[in-house]
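Structure first, commentary second.
Just so you know, these numbers use all the heavy atoms, side chains as well, and skip hydrogens, waters and symmetry mates. So that the names make sense, note that chain A is the first sequence line, chain B the second, and so on, each numbered from 1.
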Amino acid sequence: MSAGRGLVLDGTVHRGSFELALRVQAGPGEVVGVLGPNGAGKSTLLRTVAGLELLSSGTLEVAGRVWQDGTTALRPEERAAGVVFQDYRLFPHLDVLDNVAFAARAAGTRRAAARDGAARWLTRLGLADLARRRPSQLSGGQAQRVALARALAREPDVLLLDEPMAALDAGARLEVRGFLRTHLAEFAGPVVLVTHDPLEAMVLADRLVVVEGGRLVQEGTPLEVARRPASTYVARLMGLNLWSGELGHDGRVALDGGGSLSLAGEAAPGRVLVALRPSAISVHTGRPGGSAGPGASPRNQWAGRIGSLERLADRVRLQVDGQPGALVDVTAAAVAELGLVEGREVWLTAKATEVEAYPEARPGPLGPG
Amino acid sequence: MLLLLVPLAGLLVRAPWEGLPRILLTPEVREALRLSLVCASLATLVSVVLGVPLAYVLARSQAPGVRLLRALVTLPLVLPPVVGGVALLLAFGRNGIVGRHLDAWFGLTIPFSTPAVVVAETFVAMPFLVVAVEGALRTADRGYDEAAATLGASRMTVFLRVTLPIIRPALVAGAVLCWARALGEFGATATFAGNFEGTTRTMPLAVYNAIQTDPDAAIALSLVLLTVSVTVLVVLRGRWTGQGAA
């Protein structure tokens with residue numbers, strides 16, 4: 001398959017007993033978010049594209065050029081890859097301007113011309129007033145932006161970002177996220193962004209690739225992945241409840257871990273994954289009575305015990321043990337009103353219309369490994 | 001403590017302070033001083049040119065022989081300098097394994113000449129520089145080298161524009177130590193280069209000579225060397241503490 005102006009990676013990387021086997025594509029102008037837990041092989045993927053590590057087998061093509069295949073492997077300096085490292089790696093002995101001018105200098109451009117070019121990039125990214133600062137005089141957010149400027153100034157065929165916001169505090173994150181969104185959109189080539197932060201991935205990526213244990217487990221738009229997570233990792237990451245089970249002809253799913261849920265929509269009987277948003281579940285301190293009158297949508301209800309409470313930004317997330325166990329989001333007011341504490345017995349309800357089921361992608365029951 | 005300080009005190013007490021300018025301005029002393037400075041500086045230059053690539057190999061190479069090489073490089077640190085001088089003589093002497101060919105092919109004889117002083121000083125002092133630079137290369141963050149490579153820099157450019165500037169403090173410290181050691185070199189120089197006024201008689205050799213004929217001159221020369229040592233110490237200290245504070 002031809003990559004056109006984009007990126008096509010299809011191959012494996014071995015590191016000790018770990019094997020990364022991936023097929024990843026990114027079209028020109030497309031931002032592909034690589035999402036996965038620590039140790040999944042995300043950074044290895046980026047390093048392989050940059051040439052800092054080599055494919056054990058397979059091919060890598062960027063912008064119509066072979067960067068690696070069975071016979072050739074370009075060295076990092078021969079690949080036009082703009083890399084933004086997690087720890088930025090701005091050269092400590094050079095100021096911001098010379099950091100951004102580095103690629104041009106390395107390519108043999110004279111100092112004055114290289115600095116002019118670097119100054120234009122800084123201006124374009126709104127960083128001109130940082131030009132004379134040393135990396136040690138920059139805040140995390142500023143260093144992040146300078147690192148992007150340096151990578152862009154290299155005029156790369158592909159842009160690679162490794163956990164671009166992992167080292168930032170919450171305030172800087174918000175700022176940098178907006179900044180990245182703007183400037184990644186302007187970049188004409190493919191962008192590969194590695195992250196374990198779902199929000200970052202949702203906001204910045206056009207398409208997500210989920211990697212676990214060196215394998216691709218899911219691919220799709222952020223919305224698709226969030227709506228239909230293919231693994232418990234993705235579900236937990238997206239703040240979703242995800243259960244696997246067997247859908248019967250009566251529209252009820254017998255869950256593998258015990259319990260059952262009714263669906264409102266149409267779905268083919270068989271193995272399914274069932275997703276339910278934590279905010280779609282209500283908590284009651286007593287058994288809810290009466291319920292739906294005729295014509296109202298059917299309701300799921302089951303008992304459980306609160307395992308833990310976790311304060312999120314604008315709500316409280318309960319982890320409720322029961323059949324099935326579930327994550328439930330409630331307001332802080334509801335916690336106080338209902339007296340929700342650890343160990344408390346509660347009833348959970350969820351409308352059948354809120355329960356989404358889809359056929360399980362992988363054969364066999366979903367489980368660890 | 002006393003053992004260390006009393007001799008220094010003795011030197012200061014016995015110093016012929018009034019005659020000092022006169023002694024230091026005699027042609028013999030000026031010649032020895034000039035020769036010392038030139039040779040020590042040349043030895044340091046040679047050490048940097050040869051020692052930095054060597055340190056790079058020692059720090060970065062995965063080859064099996066590197067451990068042995070490292071041991072060999074540091075040998076002159078513990079080897080008595082006189083033995084080094086003998087070894088140099090056997091290698092580069094007129095009948096030495098290398099010297100024989102230099103003599104036959106190029107008519108070059110190194111021993112007992114000013115170049116011999118530089119060779120002897122380099123032999124003894126270069127390990128100081130290599131050890132300092134290798135340590136810095138070993139602890140330097142390889143991430144910067146990687147970043148430079150992704151920005152299109154060849155290995156040479158990475159080394160010159162990134163690695164070297166980042167380890168510069170260690171390089172400077174190593175070079176100063178190396179220079180100070182070369183300046184004070186006696187044993188290997190005396191053995192390999194001899195003790196000829198104007199060509200191989202450096203300050204330490206001049207001190208040794210003078211102590212038998214003109215003790216005041218010996219003390220004056222010693223004071224000069226002591227001043228240099230103290231200055232080097234202060235400079236290096238300043239660097240190290242300065243870095244700690246930065």
Side-chain angles (χ1 to χ4, degrees), chain A residues 43 46-53 67 74-95 98-109 111 114 118 121 134-137 143 146-162, chain B residues 48 51-53 55-57 59-64 129 132-176 235-236 238-246:
Chain A
S43 292
L46 274 203
R47 293 176 61 80
T48 306
V49 176
L52 299 172
E53 271 168 53
W67 282 10
L74 297 188
R75 293 226 294 263
E77 64 266 30
E78 298 167 326
R79 306 180 179 203
V83 187
V84 177
F85 293 93
Q86 186 175 351
D87 48 357
Y88 319 132
R89 300 189 184 176
L90 299 175
F91 304 124
H93 59 290
L94 300 177
D95 63 19
D98 283 338
N99 261 283
V100 177
F102 187 90
R105 291 286 286 146
T109 310
R111 188 190 301 264
W121 274 106
R134 292 266 167 167
S136 58
Q137 298 167 314
V146 172
L148 181 70
R150 185 176 69 170
L152 286 172
R154 188 218 190 308
E155 293 180 355
D157 288 334
V158 60
L159 196 56
L160 308 169
L161 298 99
D162 191 2
Chain B
V48 169
V52 170
Y56 187 80
V57 170
R60 296 282 162 91
S61 172
Q62 311 274 318
L129 178 116
V133 172
E134 192 210 340
L137 283 172
R138 205 167 271 285
T139 52
D141 187 348
R142 299 283 295 271
Y144 295 120
D145 295 10
E146 286 187 353
T150 66
L151 290 167
S154 66
R155 281 180 201 186
M156 191 50 117
T157 309
V158 171
F159 181 72
L160 293 178
R161 295 236 175 100
V162 176
T163 317
L164 216 47
I166 286 174
I167 62 151
R168 202 183 60 164
L171 178 61
V172 171
V176 171
V235 166
L236 288 183
R239 274 205 90 81
W240 288 332
T241 50
Q243 266 187 351

Side chain from CB out, backbone as N, CA, C, O: work out which of these in [X] comes under 4.5 Å of a heavy atom of chain B, or both, or neither.
X	value
R47(A)	side chain
R105(A)	both
A81(A)	backbone

Residues of residues 144-151 of chain B with a heavy atom under 4.5 Å from any heavy atom of chain A, in residue-number order, are Y144(B), E146(B), A147(B), A148(B), A149(B), T150(B), L151(B)
What one should report as the nearest heavy-atom pair of E77(A) and R155(B) is OE2-N, 4.3 Å
Pair count under 4.5 Å, heavy atoms only, with chain B: among V83(A), L160(A), L52(A), highest is L52(A)
Max heavy-atom pairs within cutoff under 4.5 Å with chain A, candidates D141(B), V162(B), V158(B), goes to V162(B)
How about CZ on R138(B), more than 12 heavy atoms from neighbouring residues, nucleotides or ligands closer than 6.0 Å, or not? yes
Against chain B, residues from residues 86-95 of chain A with at least one heavy atom under 4.5 Å, in numeric order, are R89(A), L90(A), F91(A), P92(A), H93(A)
